[in-house]
Amino acid sequence: MAATLKHGKPWIAITASEQDALLHDASTADASSPIRTHFENLKEWIVGGYYSSEIGMRELGWTGNVFHPAFPGCTHPDGHQE
Amino acid sequence: MTQARRAVTRFDVIVVGSGASGGWAAKRLSEAGIKVALLEAGKPQKDADFTEHVPAYDLAYRDRSDEWMRRTRPRQRDCYACREWNYKWFVNDLEEPYTTPNDKPFSWQGRTRVVGGRTNVWGRQSYRLSDQDLHARSFDGYGEDWPLSYKDLAPYYDLVEEYVGISGQVENVPELPDGQFHPAMPMSCAEMQLRTRVKSKLGWTVTIGRAANITRPHKGRAPCHYCGPCEQGCVTHSYFNAAFTTVADAIKSRNTTLITDAMVYRVLTDRSTHKATGVMYIDRTTHEVREVRARAVLLCAQALESARILLNSEEGGLANSSGVLGHYLMDHTWVAGGASGEFPDAPAPKPSLGAPHRPNGIYGIRMKNTMNGPREKNYLRGFGFQGGGSTNFRMNAPGYGAAFKKAVLDPLTSVSLVGFGEVLARFENFVEIDPKVVDKFGIPVLRITMSWGENEKAMIPDMADTATQMMEAAGAKNIKPFTVPDRVPGYGIHEMGTARMGTDPKTSVLNQFLQTHDIGNLYVMDASSFVSSACQNPTLTIMALAVRGCDHLMEEMKRGNI
C-alpha cells in the first residue's frame, strides 16, 4: 500500500533499498500512527511465527534435548559483588 | 434436571474432587482400609496426555492460538497456564458459566476438568503459614483468628512435605516457617546479587522459591529435568500432581473407586437424623443422573465449587445455620504491584531454548507488619514477592530484518518482583446461586460478588515502592515500578474462605477439623475453610488441613459418631 502510494508500484516491484526505506519509515513512525501500529502488529505475527517454527526455534538454541541433569546456578559464592 | 434415581452404590466415604485435598483424602482414608468413592468432574489423566516436551512447531497453531482458545475458554485463557498444549484440561467457559454483577468482574480461572484437578497446572509454590497468620486478629484486631495454631498444623505440614517433596532453602525467618526440603534449586547471579544486598542493606530475606518440584529421586519419581513447562504435565512425575501421586496411591490400595465425569451437584441428607447420606451427580458424557451413598461426605471440589454444591443442596444452603456459607471469599492480590530491574553486569549464560529451564522463581518473604517490626500506617497485613531473574532473548527489540535478528540474541538480564498480597476476609465478598442461569448440565451456577477493599487498595502502591527499594538496594538499572490497582479479583487463582472455620457455629461453617458444625458426617476440605488468606500460596496448607481432617474423621468413625 505504502509502496503504491509512494512509488506507483506494488511492493514486489520496487527495489530492495526502496523497500528498506519504507520499512525504516514504518518502524520509526510515531508510536500511535496507523502505519507504525500496522508495522508492529505485522512484525509481532511474523516474529512469533518464525520463532515457533523449527528453523526459528533451532536458531534460538533448540536441540530437542529436554532432559537436563541440573540447572546451572551462580558460581560466585555470594552472588555478583561489586 | 431429571430426578431419575438409579445405580445407587454404597461406600464408607465419598470424596468429591481429586485435586490437592481430594487426592490426599482418598489416599489417607483408603490406605487405612476405608472404602472410598472418589468423584471427579473431569476425565482420567495419563502420562500420554502430558505434552511438556512437544515443541510449538508440532502444534496445529504453533502456540499462536490465543484468539481461537478464547472462543471456548475466554476466562481460562486469562491464566498463563492454559495453553494450546493443554487447554482441553480446562472447562469450556461457555458450557459452564458463572455470573457477576456488571460493575464487579471476577475472573474464575484454573477450572480444570481432569483427575488431579488444579494440581495438573498449579504454580507449585509451597509455603507454610505461621502463627502470625493464623492469629492475625490477635495481632491487629481485624477479622477472626483461625481455630487452631501452628503447633496443630506443623506435624501435618511435615507429613505432607515428606510425601510431596518440596525443594527449598531453610531461612529461619519467623514469618515463613521452614520445612523438610529437597535440595534448593540454584539462584542466578542476578538473583544472588539481589538476595545478598537486600539482606545486608534492608534486613529482608529473598530466598529461592519453595516448589513442589523434587530435586532428588523420591518415592519412585525422578528428579526435575529442567525442561520448563510443568503446567503441561510431567512424564517423569517430578512435580506434585495428585493424578500420579495421591490418587494413584489411593487406587493402588484397592479401596478407592475413582468415578470420572461425575458432576456432583447435591449432597443428600436425611432430615430425621440430620446426617448426610450421599451425593447426586450427573454423568458428563451421558447426562444421566446418579446417586452414591456413604457414611460420610467430603467436599474437596475447590472453594467456589464446594460452596456451589452446598448452596444447591438445600434452600438457603446446606450446613448454613450460621448464614456465612459462601461469604468471606478471598483471593490474593496477584501481580498488583511490584518492580523490575536490569542487571547488565551480573554474569549469566547466554539465553538458549536448549538450555535448562528452572521451573521456579525467587520469593521475597513478607517484610511488612511483622511481629517485631514496624507497623504500616495505611494498611494491615502484608505481602510476599514472587518473581525471578532471567536472561532472555530481546523479542521486543526495535527494527526489523538482520539487525533485529541479531538484537534478539543480545541477552537482557532482568529480575522482577511481583507482590502477592493478603486480602482481608469481608462478609460482602460472597457467592450465591444465580436463580436465572444454569450450566450445560442444568445445574444452577454461581453468582460471584467480589471487589477489593480499602486495605487492598492501600497495600498495592507499597508493593511497588518496596520492590523499588529492594531493586535500588541491589544496584539494579532501569528500575521500573508498576501498580495495577484495578486488577480483577480472581487472578490470584487462590479462592478461599467460602465455608470458613471457627469455634463459634453462629459465625462459621466448619470446626477446626473441617467438619461442618451442622452435620457431623459432612466435611469441606478445600480452601473454603480458610479464615484469613495470609499472603502465602494456599495449597500446602490445604493439604495439611485435609490430612488432619481425615484423621479426625477416622476417629469419629471409630467412636461410632459417624
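Hydrogens, waters and symmetry mates play no part in the numbers below; they use all other heavy atoms, side chains included. Per chain, numbering begins at 1; letters A, B, ... match sequence-line order. As the structure is a prediction and not an experimental result, all values here were calculated from the model.
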**Message:** For M185(B) and F71(A): C-alpha separation, side-chain torsions, deciding distance, then whether side-chain contact (heavy atoms from CB on, under 4.5 Å) applies.
**Reply:** CA-CA 7 Å; M185(B) 291 181 175; F71(A) 177 81; 5.7 Å; no

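Interface remark: F343(B) contributes no atoms to any contact with chain A (heavy atom separation under 4.5 Å). Residue T215(B): no heavy atom, backbone or side chain, is found under 4.5 Å from chain A. P349(B) does not touch chain A: none of its heavy atoms, backbone or side chain, sits under 4.5 Å away. Only the backbone of A355(B) comes within less than 4.5 Å of a heavy atom in chain A; its side chain stays farther off. Contact of K350(B) with chain A is not made at all, since no heavy-atom distance falls under 4.5 Å.
Side-chain atoms of P356(B) and P72(A), non-hydrogen and from C-beta on, do get closer than 4.5 Å to each other.
Considering every non-hydrogen atom in both E59(A) and L409(B), the closest pair reads O-CD2, 4.3 Å. Across all non-hydrogen atoms, the minimal contact from G61(A) to S352(B) is CA-OG, 3.4 Å. Looking at every heavy atom in both residues, K43(A) comes nearest to A397(B) through NZ-O, 2.7 Å. Between P55(B) and W62(A), the shortest heavy-atom distance links the atoms CB-CZ2, 3.7 Å. When all heavy atoms are compared, the tightest approach of C74(A) to M192(B) is CB-CG, 4.0 Å. Of all non-hydrogen atoms in L60(A) and F393(B), the two that sit nearest each other are O-CZ, 3.4 Å.
Counting non-hydrogen atoms of other residues, nucleotides and ligands closer than 6.0 Å to NZ of K406(B) gives a total of 12 or fewer.
Ranked by heavy-atom pairs under 4.5 Å with chain A, the list M187(B), R64(B), R62(B), E52(B) is led by R64(B). Ranked by heavy-atom pairs under 4.5 Å with chain B, the list N65(A), D20(A), T63(A) is led by D20(A). Put simply, of D63(B), L194(B), V408(B), the one with the most heavy-atom pairs under 4.5 Å next to chain A is V408(B). Residue with the most contacts toward chain A among M395(B), R195(B), E191(B): M395(B) (heavy-atom pairs, distance under 4.5 Å).
Side chain of Y400(B) to backbone of H24(A): a donor-acceptor contact under 3.5 angstrom is found.
Ring geometry for F67(A) against H225(B) counts as tilted: the plane angle lies between 30° and 60°, on a 0 to 90° scale.
Contacts of residues 44-52 of chain A with chain B at a heavy-atom distance below 4.5 Å involve E44(A), W45(A), V47(A), G48(A), G49(A), Y50(A), Y51(A), S52(A), listed in sequence order.
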